[in-house]
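Just below is one structure, and these are the notes that go with it.
Here the structure is a predicted model, which is why all the values come from computation and not from measurement. Keep in mind that the numbers below use all heavy atoms, side chains included, and drop hydrogens, waters and symmetry copies. Letters A, B, ... are given to chains in the order of the sequence lines, protein chains preceding strands, and every chain is numbered from 1.
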Amino acid sequence: MPRTPVSEARKPERIGQQTLIQGWVRTRRDSKAGFSFLEINDGSCMANLQVIVDGSLPNYETEVKRLTAGCSVSVHGQIKPSSGKGQATELLAETVQVHGWADPESYPLQKKRHSFEKLREWAHLRPRTNTFGAVARVRNCVCQSIHQFFQQRGFLYIHTPIITASDCEGAGEMFRVTTLDLENVPRQQGTVDYSMDFFDRPSYLTVSGQLEAEIFATALGNVYTFGPTFRAENSNTSRHLAEFWMIEPEMAFYELTDNMDLAEQFLKQICRDVLERCGEDMQFFHDRIDNTVLATLDSIVQHQFIRLPYTDAVEILQRSGQTFEFPVAWGSDLQSEHERYLTEQHFQRPVVLYDYPRVIKPFYMRVNDDGRTVRAMDVLVPKVGEIIGGSQREERLEMLEQRMVEQDLRPDDYWWYLDLRRFGTVPHAGFGLGLERMLQFITGMANIRDVIPFPRTPGSAEF
RNA sequence: UCCCCUGUAGCUCAAUGGUAGAGCGAGCGGCUGUUAACCGCUAGGUUGCUGGUUCGAGUCCAGCCGGGGGAGCCA
């Protein structure tokens with residue numbers, strides 16, 4: 001008999017059916033009348049299935065009464081209407097098979113709340129908790145929604161390389177990839193001889209698939225990447241990981257407003273899907289984690305995002321009467337406190353900032369006719385901050401080369417990137433969404449380490 | 001990397017420089033179609049590590065290690 005998920009067994013229409021349930025005991029309660037209640041969770045949903053085990057079962061005294069939180073079982077029996085409160089159905093056990101015990105003296109997870117910090121030390125067990133089960137289900141839902149969004153619009157899913165030799169964008173510190181013996185590095189005239197390395201040159205883990213995505217966008221139209229991304233920055237914050245997942249669509253013949261339109265539709269669709277498909281989990285996040293998440297998602301779906309040129313944002317901040325730790329000045333990047341003021345206080349909803357000063361943005365962003373700004377856009381949301389960064393790309397060869405020189409990059413190193421402009425160049429645009437930041441925003445989980453199964457941060461890679 | 005906070009029982013936290021405690025969890029017993037169950041009893045500690053000050057250090061000082069919050073970097 002195939003197993004029935006708890007999510008199914010809890011439905012009233014299952015009453016009367018012979019059923020096999022397999023999962024992990026959350027708690028056991030004994031009745032003096034000679035039977036026990038088991039709460040079984042199998043991860044298919046937030047809720048447990050209540051199992052009634054009568055004392056007449058042959059292994060009742062020897063096994064069932066020794067079951068504790070964490071034990072794994074198969075229970076076979078019939079679904080009955082539940083006379084108690086809290087559930088429509090329950091399973092009347094005919095057999096209970098114990099697969100694995102979990103000694104309560106040494107099993108770390110207790111029948112009580114644990115702090116997220118403590119649970120991070122038990123990353124191998126935390127998926128067995130309500131919160132991390134819910135995070136895993138919502139994460140899965142968001143990923144499915146992302147693929148669906150692009151697939152329905154005819155975007156091609158492109159796999160860009162994880163190992164790269166281009167120190168692209170200068171976007172922060174990169175992880176080295178090497179097969180050289182670090183105890184005995186080959187040297188040529190004092191410096192490391194990378195011709196002896198696996199790829200005959202220094203190579204790294206990718207910090208972005210954008211440049212490669214542009215190759216495919218300028219051949220096939222609309223594409224997206226969705227994969228792991230690595231930053232070797234020594235960042236210790238609730239919003240940074242050394243390994244995270246990023247979604248990067250890249251669209252030919254898109255200009256910045258098209259890009260903003262797509263980003264907004266994209267975020268709205270994810271929120272809609274989560275509300276529709278993860279109702280129970282979202283209710284949990286609302287009740288136990290952050291009681292604003294449901295209202296926030298509703299509001300995202302219903303309201304237009306604010307769109308605001310950087311220059312106007314600077315003006316709003318300067319006129320705000322707020323005292324900021326860092327002064328606001330045109331030409332310097334906005335600080336976290338500035339972004340937070342705009343999105344959490346002034347507008348109280350997502351804000352798309354665009355047309356940033358040329359000097360603070362990377363070479364590939366298209367220069368505006370004013371010469372001093374570029375067609376960049378950042379989507380800022382309350383609490384999490386920057387969730388999307390994107391731009392219309394510079395498609396004019398001469399301008400792109402000029403921008404590289406401006407930023408001390410050697411155009412020769414990017415010969416293939418420049419070829420895209422040299423041959424059949426088109427206006428195009430794209431953006432990057434940080435999956436974990438999106439999940440933080442949706443679930444209200446305060447720390448990014450709690451929305452990825454196995455967080456990688458400086459000094460931490462245990463599991 | 002910088003600034004601030006923090007490290008005591010399995011977990012969450014108390015303890016004026018003077019004999020280390022509580023709640024929860026666990027074990028045992030009681031009660032109960034129960035559901036964050038409830039009541040009673042019991043066990044459980046090298047106070048992160050190293051050094052220093054002191055008659056005496058969980059407490060004060062220094063260094064190191066871990067955790068958290070904020071900043072920078074960004075998604």
Side-chain angles (χ1 to χ4, degrees), chain A residues 26-40 47-54 66 68-70 80-87 90 92 102-122 130 169-174 207-210 228-248 263 287-288 324-326 333-337 339-340 360-362 378-381 384-390 431-441 446-452 457-460 462:
Chain A
R26 283 293 175 82
T27 180
R28 188 197 84 231
R29 295 179 294 272
D30 301 325
S31 166
K32 197 57 185 178
F35 63 96
S36 296
F37 299 93
L38 297 178
E39 295 272 351
I40 307 297
N48 304 324
L49 183 70
Q50 176 163 283
V51 174
I52 313 297
V53 189
D54 192 78
R66 289 169 50 218
T68 52
K80 304 277 190 186
S82 178
S83 52
K85 288 177 186 168
Q87 63 277 321
E90 61 193 24
L92 180 59
D103 177 9
E105 291 285 0
S106 51
Y107 183 58
L109 294 179
Q110 299 172 357
K111 221 172 63 181
K112 56 171 285 195
R113 258 188 104 103
H114 288 289
S115 67
F116 293 140
E117 290 81 11
K118 185 52 69 177
L119 254 13
R120 261 170 237 151
E121 296 174 20
W122 304 325
N130 288 335
E169 305 176 47
E173 294 297 308
M174 302 176 84
V207 294
S208 167
Q210 179 199 320
T229 310
F230 306 89
R231 305 274 164 94
E233 234 96 58
N234 194 2
S235 303
N236 270 299
T237 83
S238 58
R239 304 181 309 281
H240 288 87
L241 290 167
E243 176 182 296
F244 63 99
W245 288 67
M246 189 155 63
I247 300 94
E248 296 176 285
D287 293 342
R288 306 294 283 270
F324 295 113
E325 189 185 344
F326 298 94
D333 225 342
L334 297 182
Q335 306 288 319
S336 287
E337 55 175 344
E339 297 180 348
R340 234 181 292 120
I360 59 172
K361 288 294 183 183
D378 283 355
V379 180
L380 312 176
V381 296
V384 178
E386 185 181 343
I387 200 168
I388 280 180
F431 60 83
L433 169 72
L435 176 65
E436 285 78 16
R437 288 194 181 169
M438 186 63 188
L439 283 165
Q440 278 189 278
F441 179 66
N447 196 308
I448 199 164
R449 291 161 204 171
D450 298 327
V451 294
I452 189 166
T457 52
S460 174
E462 177 72 16

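When each of B:rG72, B:rG33, B:rC24 is scored by its nearest atom to the side-chain atoms of A:K112, the top-ranked nucleotide is B:rC24. For A:F244, the side-chain atoms get nearest to B:rA75 when compared with the rest of B:rG33, B:rC11, B:rA75. Of all nucleotides listed (B:rG69, B:rA71, B:rG33), B:rG33 comes nearest to the side chain of A:Q50. Closest to the side chain of A:M246, from the set B:rA37, B:rG72, B:rA75, is B:rA75.
Computed from coordinates, the A:I360 CD1 to B:rC73 C1' distance equals 14 Å when rounded to whole Å. Put simply, CZ on A:F230 is 19 Å from P on B:rC74, counting in whole angstrom units. The distance between atom CD of A:E117 and atom P of B:rG69, rounded to the nearest whole Å, is 6 Å. Atom CD of A:E90 and atom P of B:rG33 are 14 Å apart (whole Å). In this structure, A:R231 places its CZ atom 5 Å from P of B:rA75, rounding to the nearest Å. Between the CD atom of A:Q210 and the C1' atom of B:rA75 there is a distance of 13 Å, given to the nearest Å. Between A:L380 atom CG and B:rA75 atom P there is a gap of 12 Å when expressed in whole angstrom units. When the P atom of B:rG72 is taken as reference, atom CG of A:N236 falls 14 Å away, rounded to whole Å.
The base of B:rC73 is paired with the side chain of A:S235 by a donor and an acceptor separated by under 3.5 Å.
To the nearest whole angstrom, the two P atoms, one in B:rC5 and one in B:rC41, are 41 Å apart. For the P atoms, the distance linking B:rC55 with B:rA15 amounts to 27 Å, nearest Å. Across the P atoms, B:rC31 and B:rC39 are found 16 Å apart, a figure rounded to whole Å.
Under a 3.5 Å cut-off, the side chain of A:E462 and the backbone N or O of A:E121 do not form any donor-acceptor pair.
Residue-level contact check: A:T237 touches the bases, meaning some heavy atom is under 4.0 Å from a base atom. Among the heavy atoms of the strands lying under 4.0 Å from A:Q335 are primed sugar atoms or P, OP1, OP2 only; no base atom is included. Using a 4.0 Å heavy-atom criterion, one finds that A:E39 contacts the bases of the nucleic acid, with or without backbone contacts as well. Contacts of A:R120 with the nucleic acid, taken as non-hydrogen atoms under 4.0 Å apart, involve only primed sugar atoms and P, OP1 or OP2. A:R26 comes within 4.0 angstrom of no nucleic acid atom, judged by non-hydrogen atoms across all strands. Using a 4.0 Å heavy-atom criterion, one finds that A:S106 contacts no nucleic acid atom at all. Across all strands shown, A:D30 has heavy atoms under 4.0 Å from base atoms, whether or not it also approaches the sugar-phosphate. At the heavy-atom level, A:H114 lies under 4.0 Å from the strands shown only through sugar-phosphate atoms. Within the nucleic acid shown, A:R449 comes within 4.0 Å of sugar-phosphate atoms alone, with no base atom in reach, counting heavy atoms only. Among the protein residues, A:L241 comes within range of the nucleic acid bases, having at least one heavy atom under 4.0 Å from a base atom.
Within the 4.5 Å cutoff, no side-chain heavy atoms of A:I388 are placed close to those of A:D378.
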